[in-house]
Amino acid sequence: MSNPSLLILPGDGIGPEVMTEVVKIIDWFGAKRGITFDVSTDLVGGAAYDKHGVPLHDDTMAKAQEADAVLLGAVGGPAYDNLDFSVKPERGLLRLRKEMDLFANLRPAQCFDALADFSSLKKDIVAGLDIMIVRELTSGVYFGEPRGIFKEGNERVGINTQRYTESEIDRIARAAFELARKRGNKVCSMEKANVMESGILWREVVQKVHDEDYADVELSHMYADNGAMQLVRAPKQFDVIVTDNLFGDILSDCAAMLTGSLGMLPSASLGAPMANGRPKAMYEPVHGSAPDITGQGKANPIACILSFAMALRYSFDMGDEATRVEKAVEKVLADGLRTADLLGNEGETPISTTEMGDAIVIALDASL
Ligand code: IPM
Ligand code: MG
């Protein structure tokens with residue numbers, strides 16, 4: 001059997017810096033565990049625009065469709081702010097999600113013990129936190145038509161459309177219920193059924209899927225604004241949260257911060273199974289390109305490294321090896337190693353992106 005293939009798209013900003021550290025982990029698996037991937041690297045976002053004039057070249061799109069898993073760093077940056085909307089770096093990322101049909105975006109927010117003090121919330125509210133946000137990723141207001149900026153009388157109007165079909169809601173609900181069964185067996189679905197018809201349909205379909213096929217899972221519904229409030233009031237009440245594309249974008253940033261830093265949160269975007277049984281998949285840290293710290297060795301590579309761990313678990317059925325990576329991260333944090341984003345008190349010295357990657361490799365060695 002040939003090695004599984006990985007397409008690496010470092011992208012923009014801190015993307016390439018954090019991806020360099022992930023490659024160390026991938027190489028470690030080859031050298032020490034006999035787990036070898038066929039790795040290729042390509043451009044996405046502003047980096048692709050600079051070379052090709054588009055944020056994702058068709059050849060790269062084709063490679064992504066072929067790969068067993070895609071690892072993406074980050075896209076975007078101030079240099080691209082004034083580009084036409086159709087070629088903005090973010091369009092490259094959205095095209096990957098849409099054309100690979102990666103409808104289920106898994107964003108786990110876990111609070112590592114060593115960082116419980118570091119959250120902006122009180123320690124007892126976040127200690128032991130382990131929630132999973134399941135965000136619908138290929139529909140809703142991100143893709144709905146009509147969209148655009150149009151002329152209306154003597155002024156312009158900006159339009160986006162929130163649109164969900166029953167089958168789109170059905171499949172994301174199933175993904176959430178399946179995950180819940182492997183965790184705390186609880187799903188909270190969030191929408192705005194009080195003001196949006198799409199929210200009414202969302203609630204109805206999630207309830208129907210539950211009653212027909214997942215009655216063993218505990219289901220609740222919440223308006224998304226209340227959900228945001230509950231996430232900072234008492235986040236441990238949640239196990240799996242399932243929500244739409246836009247609410248999921250917002251709620252997952254909020255959940256990420258509960259854990260101490262956006263630099264810690266990985267994600268997996270999964271689609272339907274391919275011919276080889278593996279799901280179409282892309283893994284990326286939730287943090288963005290962070291132009292303010294790019295090139296300074298300050299970026300935290302942990303979110304991206306944990307994204308690779310998710311690839312081991314969800315694409316390659318190597319849950320034990322994924323846990324090995326997660327434990328290595330836990331160990332370096334417990335040892336007090338911190339990148340700049342994880343420093344609370346003045347006088348503490350941060351380690352660099354590279355040093356964090358190296359420390360995790362040493363912790364992996366110690367796990368053997
Ligand atoms: C995310 C990001 C993206 C999104 C941007 C970069 C297009 O914020 O993955 O959460 O809005 O989905
Ligand atoms: Mg976001």
Side-chain angles (χ1 to χ4, degrees), residues 9-16 18-19 43-49 54-56 61 64 70-81 83-109 131-144 147 160-164 168 172 190 224 227-228 231 241-259 261-271 281-292 294 299-300 303-304 306-307 310-311 341:
L9 304 173
D12 307 322
I14 60 171
V18 294
M19 200 59 86
L43 303 172
V44 68
Y49 177 82
V54 286
L56 187 74
M61 186 66 241
V70 178
L71 287 180
L72 186 134
V75 296
Y80 309 102
D81 278 352
L83 287 183
D84 186 73
F85 190 72
S86 64
V87 290
K88 275 193 186 294
E90 291 77 7
R91 304 306 303 170
L93 174 59
L94 295 176
R95 181 177 174 199
L96 283 162
R97 290 175 178 172
K98 187 71 181 171
E99 291 190 21
M100 293 171 75
D101 201 18
L102 305 172
F103 64 93
N105 182 219
L106 280 40
R107 300 191 159 187
I131 60 186
M132 175 73 87
I133 297 194
V134 179
R135 168 187 176 193
E136 199 292 326
L137 201 61
T138 51
S139 186
V141 77
Y142 273 61
F143 297 98
R147 66 181 301 161
N160 290 91
T161 301
Q162 166 83 334
R163 180 180 192 277
Y164 271 105
E168 286 169 341
I172 193 69
M190 295 187 187
L231 265 178
I241 292 173
V242 63
T243 189
D244 76 14
N245 204 342
L246 184 60
F247 295 141
D249 180 45
I250 297 166
L251 293 170
S252 62
D253 266 29
C254 177
M257 224 32 223
L258 301 175
T259 69
S261 166
L262 208 47
M264 297 294 299
L265 198 77
S267 84
S269 304
L270 307 176
M282 179 161 77
Y283 300 87
E284 51 176 312
V286 170
H287 64 65
S289 58
D292 52 322
T294 297
N300 184 351
C304 204
L306 292 176
S307 298
M310 289 187 89
D341 57 308

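If you read the sequence from its start, that first residue is 1, and numbering goes on from there. As the structure is a prediction and not an experimental result, all values here were calculated from the model. First listed ligand is number 1; within each ligand, the first listed atom is number 1.
- Although no hydrogens or angles enter the test, the distance criterion places a donor-acceptor pair under 3.5 Å between the side chain of D244 and the main chain of F247.
- T259 contributes no side-chain N or O that, together with a main-chain N or O of A255, makes up a donor-acceptor pair within less than 3.5 Å.
- Checked by atom type and distance alone, the side chain of D341 never pairs as donor or acceptor with a backbone atom of S261 at under 3.5 Å.
- The protein heavy-atom contact nearest to atom 7 (C) of ligand 1 is E90 CG, 3.8 Å.
- Panel note: side chain S289, backbone D12; no donor-acceptor pair is recorded below 3.5 Å.
- Using modelled atom types, no side-chain atom of R107 and backbone atom of D253 make a donor-acceptor pair closer than 3.5 Å.
- Distance alone, capped at 3.5 Å, places no donor-acceptor pair between the E136 side chain and the N245 backbone.
- Atom 2 (C) of ligand 1 has its closest protein heavy atom at D249 OD1, 4.0 Å.
- Looking at K88 against ligand 1, nothing comes within 4.0 Å, counting heavy atoms.
- At least one donor-acceptor pair closer than 3.5 Å links the side chain of S267 to the backbone N or O of E284.
- Contacts with ligand 1 closer than 4.0 Å are made by side-chain heavy atoms of R97 only, the backbone lying farther away.
- The closest approach between R135 and ligand 1 falls below 4.0 Å for a heavy atom of the residue.
- Contacts of H287 with ligand 1, taken as heavy-atom pairs under 4.0 Å, are absent altogether.
- Once rounded to the nearest 0.5 Å, the distance linking CZ of F143 with OG1 of T161 reads 13.5 Å.
- Residue R147 qualifies as enclosed at atom CZ: its count of foreign heavy atoms under 6.0 Å is above 12.
- Atoms of the protein (N, O or S only) found under 2.8 Å from the Mg ion (ligand 2) are D249 OD1.
- Proximity of a side-chain donor or acceptor of S139 to a complementary backbone N or O of R163 within less than 3.5 Å is detected.
- Residue, atom and distance of the protein heavy atom nearest to atom 1 (C) of ligand 1 are R107 NH2, 3.4 Å.
- Counting the atoms of ligand 1 from 1 in the order shown, those under 4.0 Å from a heavy atom of Y142 are 4 (C), 11 (O), 12 (O).
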